[in-house]
Every structure is written in structure tokens, then in C-alpha cells.
Amino acid sequence: MFSQSEQRQLPYRMMVFHEVVRLGSFTAAAEHLGHTKSAISAYISQLESLLGVRLLNRSTRRLHLTEAGTLFARRCAAMALQQEQALLELGALSEEPAGRLAITAPHLFATLLLPAAIAELCHRYPGLAPELVLSDERLDPLEHKLDLALSVGALPDSSYHALPLGTLSFLLVAAPDYLQRHPIRQPEDLLGATLIRLPWQSHWQRGEERTPLQAGRELRVNTSAAALGCARAGAGLALLSAASVADDLARGELVHLLPEWHGGMTPVYAVHGYGGQLPLVLRTLTELLREAIARLPGGR
């Protein structure tokens, strides 16, 4: 058991350790925290002595985390995020939210959803400094220091909170010139066609009937933007959100196939780690996003 004096010392030394790991060196951590390099080294040595384990293997070129150090670094990162969130929550009580607001979202939302919502948010709160990270990978809010992560589809189990924002419908589409070469009149015709498949797509459905999505050949891509571009170029069929293809369908550049079949109503979530007290700026943003999704073609 730690003495009371040691317990009081522990949180700051954990923060120092977190900065060393985050920045990758004692020198960078010293500059960031306003200490000397020798003071940082002393803090880490004291922390290892308190814990009774070695956290870092030091070399002249770089630092290497031990197994214990890797586990402990995660807890220190969580503590740093909790501290940052506590300050943000207090700031949320003020009338004018300000500062960095980091959001990640799929490329699908780069033009469909986020620009108008962010523009309105900046109009309401001029002191905000939004940071958008577009990725079709689900980025961990803690690891990437994000305030909000927009996610499409079923979520894995986690300790984060997920707010439902609405649903999107997905349609099977193809370019007219592709359909001249490969007519699609019934689901069985897909077995002679090329499917532009995104990593998370495995099934489609008609009513409550849900079946595997299969084709004769696949072109695998990892972003919705790439799938849309390939479909426009006539590379094959693609299962894309109704919102992202609405203009293409209206212009006749894409054709909606087998309309009784679709990709289902896919949920959209806002994932965060703030617990029950969501900061004002994020409450405002999620409401703007709910309204925007409801206005999208195929959105609810």
C-alpha cells in the first residue's frame, strides 16, 4: 500500500510519464512541461520506485516501453483524457464554448453532413477551433484525442457512450454503360457481375429477408468515396447510401437496381467518452447532425 505522501505524488508522476510516452523522449516532455531533462528522468525513476516495476528501457536513441509500461501507459492516457474532459465539462457550463473541437467521421460525411453543421456551430460559437479527421476506420477517441466520433453501422462493445443520430438507407447502383455490358434484372444476375465491395458490407435484404451479398467478381475498396468513384467509372455495382448517390441518380449517371432490395436502414451514432454530462457544444452539434440526417435522401 502507498503512504498518503506517495499517493499525493502519484498523479503528477503519472502525467509526466504520459507526456514522455506521448512525445517519445525525456527532452520533449521536459520542454512541454517546463522542467529540465534531469527532472523528468528523476520523476520517472521515482514513479518506477513507487510502483516497484520498470516502465521504460532507456537507450541513447529512443525509449522502449516494457510490458508493464505499456499497460500503465494506457491508464495514464485515460487519466489525462479524464482530466481534459473534466475541464471541458466545466467549460461547457459557460455561455460561449471555445477552443479545440476534434471530430472524426467517415469520408461519406465529408460533403453530405459535416460542413453545414460545423459552419452553423462556428457561427454560434466564434471561439471554436474545429478539427475534422476523416477516416472510414473507427478511430479510438481516447487514443486519438477526439471529442466525438461519428460511426455508421453496428458498434462493437466498448466503454464509450453512443448517441443515435438517425439512419441511412443503402441502394444498389451502377453506371448505364456498365449495365449495357452486364444487364441486372434479378438478384441472380449479380453472379455474372463485378461488385464494388466495402469492408463492412456482407448482406443486403428485401423486406425482412436478409441474405449474403454475392457477385461473380469483387473489386474491394476501403472508402465510400472510392466505391462511388469506381461505380461512376463503370467498374461494377456498388451498394451506396441513397444520400451519396441522389445527384447521380437524378442526372442519370447512375441507375438504381433491383429497388425491392437494399442495404437496410443503417444506424449512425455519435460516440464519445463524456459520460452523462455531454458538453454544450457537443449537445448542439449532435442536434444539428440529427436534423441534417433527417433531411438527407433516404435518411431518418
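For the single chain, residues carry numbers from 1 onward in sequence order.
When side chains are defined from C-beta on, Tyr269 does not count as touching Leu150, because their heavy atoms never get closer than 4.5 Å. Looking at heavy atoms from C-beta onward, Thr284 lies out of side-chain contact with Glu120 at the 4.5 angstrom threshold. Side-chain contact between Leu282 and Leu101 is present, with at least one heavy-atom pair separated by less than 4.5 Å. A 4.5 Å side-chain heavy-atom check between His182 and Thr194 finds every atom pair outside the cut-off. Ser224 has its side chain within reach of Leu198: a pair of non-hydrogen atoms, C-beta onward, lies under 4.5 Å apart. Within the 4.5 Å cutoff, no side-chain heavy atoms of Asp248 are placed close to those of Val173. Put simply, the side chain of Arg75 does not reach to within 4.5 Å of the side chain of Leu71, judged on heavy atoms. Two residues are said to be in side-chain contact when any heavy atoms from C-beta on lie closer than 4.5 Å; Tyr43 and Leu47 fail this criterion.
When each of Val268, Leu134, Leu289 is checked for a side-chain contact (heavy atoms from CB on, under 4.5 Å) with Phe109, only Val268 meets the rule. Across His203, Glu218, Arg197, a single residue satisfies side-chain contact (heavy atoms from CB on, under 4.5 Å) together with Leu213, and that is Arg197.
Looking at every heavy atom in both residues, Gly166 comes nearest to Ile293 through CA-CG2, 4.1 Å. For the residue pair Arg181 and Asp177, the shortest heavy atom distance occurs at NH1-O, 3.3 Å. Contact between Ala175 and Leu254 at its shortest, heavy atoms only, is N-CD2, 3.7 Å. Closest non-hydrogen pair, Gln46 versus Arg13, comes out as OE1-NH2, 2.6 Å. Annotation for Leu51 and Leu10: closest pair CD2-CD1, 4.4 Å, computed over non-hydrogen atoms. Among all heavy-atom pairs drawn from Trp200 and Asn222, the shortest one is CZ3-O, 4.4 Å.
Atom CZ of Arg251 is surrounded by more than 12 heavy atoms from other residues, nucleotides or ligands within 6.0 Å. Within a 6.0 Å radius of CZ in Arg74, no more than 12 heavy atoms belonging to other residues, nucleotides or ligands are found. By the 6.0 Å contact criterion, CZ on Arg217 is open, its count of non-hydrogen atoms from other residues, nucleotides or ligands being 12 or less. For Glu67, the CD atom sits in a loose shell: 12 or fewer heavy atoms of surrounding residues, nucleotides or ligands are nearer than 6.0 Å.
Taking OG1 of Thr70 as the reference point, atom CG of Leu65 lies at 4.5 Å (rounded to 0.5 Å). Distance CE/Met14 to CG/Leu50: 11.5 Å, rounded to 0.5 Å. Interatomic distance, Glu31 CD to Leu33 CG, rounded to the nearest 0.5 Å: 10.5 Å. Residue Gln214 holds its CD atom at 10.5 Å from OG of Ser202, rounded to the nearest 0.5 Å. Here the CG atom belonging to Leu239 is positioned 7.5 Å from the CZ atom belonging to Phe170, to the nearest 0.5 angstrom. Taken from CG in Leu258 to CG in Leu237, the straight-line distance is 9.0 Å, to the nearest 0.5 Å.
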List the steps and the verdict of side chain to side chain contact (heavy atoms under 4.5 Å, CB included) for Val21 and Cys76. CA-CA 10 Å; Val21 173; Cys76 292; over 6 Å; no
Apply salt bridge (charged side-chain N to carboxylate O under 4.0 Å, His left out) to Glu131 and Arg100, showing your working. CA-CA 7 Å; Glu131 179 181 322; Arg100 177 179 181 265; 3.1 Å; yes
Would you check, one step at a time, whether the test side chain to side chain contact (heavy atoms under 4.5 Å, CB included) holds for His35 with Phe26? CA-CA 10 Å; His35 292 304; Phe26 284 12; over 6 Å; no
Please test Thr223 against Val221 for side chain to side chain contact (heavy atoms under 4.5 Å, CB included), starting from the C-alpha separation and ending with a verdict. CA-CA 6 Å; Thr223 72; Val221 297; 5.8 Å; no
CA sep, side-chain torsions, deciding dist, call: Val281, Tyr125, side chain to side chain contact (heavy atoms under 4.5 Å, CB included): CA-CA 8 Å; Val281 66; Tyr125 309 120; 4.2 Å; yes
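When hydrophobic clusters are built by joining Ile, Leu, Val, Met, Phe, Trp and Tyr residues whose side-chain heavy atoms come closer than 4.5 Å, directly or via intermediates, Leu190 is grouped together with Tyr178. Transitive grouping of hydrophobic side chains (ILVMFWY, heavy atoms separated by less than 4.5 Å) brings Leu121 and Leu165 into a common cluster. Residues Leu163 and Leu280 are members of one and the same hydrophobic cluster, defined by side-chain heavy-atom contacts under 4.5 angstrom among Ile, Leu, Val, Met, Phe, Trp and Tyr. Cluster membership check: Leu288 shares its hydrophobic cluster with Ile118, using side-chain heavy-atom separations under 4.5 Å among Ile, Leu, Val, Met, Phe, Trp and Tyr. In terms of hydrophobic clustering, with Ile, Leu, Val, Met, Phe, Trp and Tyr side chains grouped at heavy-atom distances under 4.5 Å, Val255 and Trp204 are assigned to a common cluster.
In this structure, a donor-acceptor pair under 3.5 Å is present between the side chains of Ser38 and Thr36.
The aromatic rings of Phe17 and Phe72 lie tilted to each other, with the angle between the two planes from 30° to 60°.
Of the charged side-chain nitrogens involved, none lies within less than 4.0 Å of a carboxylate oxygen, so that Arg283 and Glu287 do not count as a salt-bridged pair.
A donor-acceptor contact shorter than 3.5 Å links the side chain of Thr66 to the backbone of Leu55. Between the side chain of Arg290 and the backbone N or O of Pro164, at least one donor-acceptor pair lies under 3.5 Å. For Ser41 (side chain) and Lys37 (main-chain N/O), no donor-acceptor pair under 3.5 Å exists by modelled atom type. Proximity of a side-chain donor or acceptor of Asp147 to a complementary backbone N or O of Ile103 within less than 3.5 Å is not detected.
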